[in-house]
Amino acid sequence: GAMYAFPRISLPPMAVAAAEASGKSPDAMYAMALLENTGICVVPGAGFGQAPGTWHFRTTFLPPEDKIDSVLERMKKFHALFMRKYTLNTSL
């Protein structure tokens, strides 16, 4: 079996509105932006029965142990830029 993480993400209202305007769920927009900007692939939580008004993504623990810190740092940097973009309306 695989080990999965299913973290909840908080997204600013501007991100939610941008996702809805493009016909996507907010977590799907986040997941696609994460992939496009970092190469890290996660699955939007919308398909897993999350509570309305909450957003998550599912990921597996697949990187080699010596790469985990690097992957987490890229995710952290992406999340900070994504939040800034949709809080201040700047680009990634």
Side-chain angles (χ1 to χ4, degrees):
M3 292 183 61
Y4 296 100
F6 196 64
R8 181 176 178 173
I9 51 176
S10 297
L11 300 175
M14 285 177 65
V16 174
E20 291 171 350
S22 69
K24 298 177 185 168
S25 67
D27 52 352
M29 182 181 83
Y30 183 91
M32 184 57 69
L34 178 64
L35 178 62
E36 291 171 347
N37 287 276
T38 67
I40 298 170
C41 184
V42 299
V43 179
F48 298 96
Q50 61 193 1
T54 66
W55 301 284
H56 303 77
F57 63 83
R58 187 179 87 168
T59 188
T60 57
F61 293 100
L62 295 176
E65 190 173 336
D66 64 332
K67 304 277 188 216
I68 289 175
D69 288 340
S70 169
V71 170
L72 292 175
E73 186 60 36
R74 288 180 12 227
M75 290 177 87
K76 178 182 171 182
K77 181 179 176 183
F78 166 79
H79 185 75
L81 291 171
F82 185 92
M83 295 298 284
R84 184 171 55 201
K85 175 181 179 179
Y86 288 105
T87 301
L88 302 174
N89 198 24
T90 62
S91 61
L92 279 177

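Surrounding CE of M75 are more than 12 heavy atoms belonging to other residues, nucleotides or ligands, all under 6.0 Å away.
V43 and L11 are assigned to two separate hydrophobic clusters, defined by single-linkage of ILVMFWY side chains at heavy-atom distances under 4.5 Å. Hydrophobic clustering, with ILVMFWY side chains joined whenever heavy atoms are under 4.5 angstrom apart, groups V16 together with F78.
When every heavy atom of P26 is checked against every heavy atom of A19, the shortest pair comes out as CA-CB, 3.5 Å. Shortest non-hydrogen contact noted between R74 and T38 is NH2-O, 2.9 Å. Nearest heavy atom pair, residue F82 against residue A15, reads CE2-CB, 3.9 Å.
When the options K77, K85, H79 are evaluated for a side-chain contact (heavy atoms from CB on, under 4.5 Å) with L81, the one that passes is K77. For the side-chain contact (heavy atoms from CB on, under 4.5 Å) with I40, the lone residue among T59, L35, L34 that qualifies is L34.
Distance OG/S25 to CD/Q50: 7.0 Å, rounded to 0.5 Å. In this structure, E36 CD and C41 SG are separated by 11.5 Å, a value rounded to the nearest 0.5 Å.
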* Given side-chain contact (heavy atoms from CB on, under 4.5 Å), test Y30 with V42 step by step and report yes or no. => CA-CA 9 Å; Y30 183 91; V42 299; 5.5 Å; no

* Please step through side-chain contact (heavy atoms from CB on, under 4.5 Å) for the pair K76 and L72, ending with a clear verdict. => CA-CA 6 Å; K76 178 182 171 182; L72 292 175; over 6 Å; no

* Candidate pair M29 and W55, rule side-chain contact (heavy atoms from CB on, under 4.5 Å), full reasoning -> CA-CA 11 Å; M29 182 181 83; W55 301 284; over 6 Å; no

* To do: Applying side-chain contact (heavy atoms from CB on, under 4.5 Å), run through D27 and F57 and close with a yes or a no.
  => CA-CA 7 Å; D27 52 352; F57 63 83; 5.7 Å; no

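Here Y4 pairs with nothing under the ring pair (Phe, Tyr, Trp, His ring centres under 6.0 Å) rule; sequence neighbours left out.
Within the 4.5 Å cutoff, no side-chain heavy atoms of H56 are placed close to those of F48.
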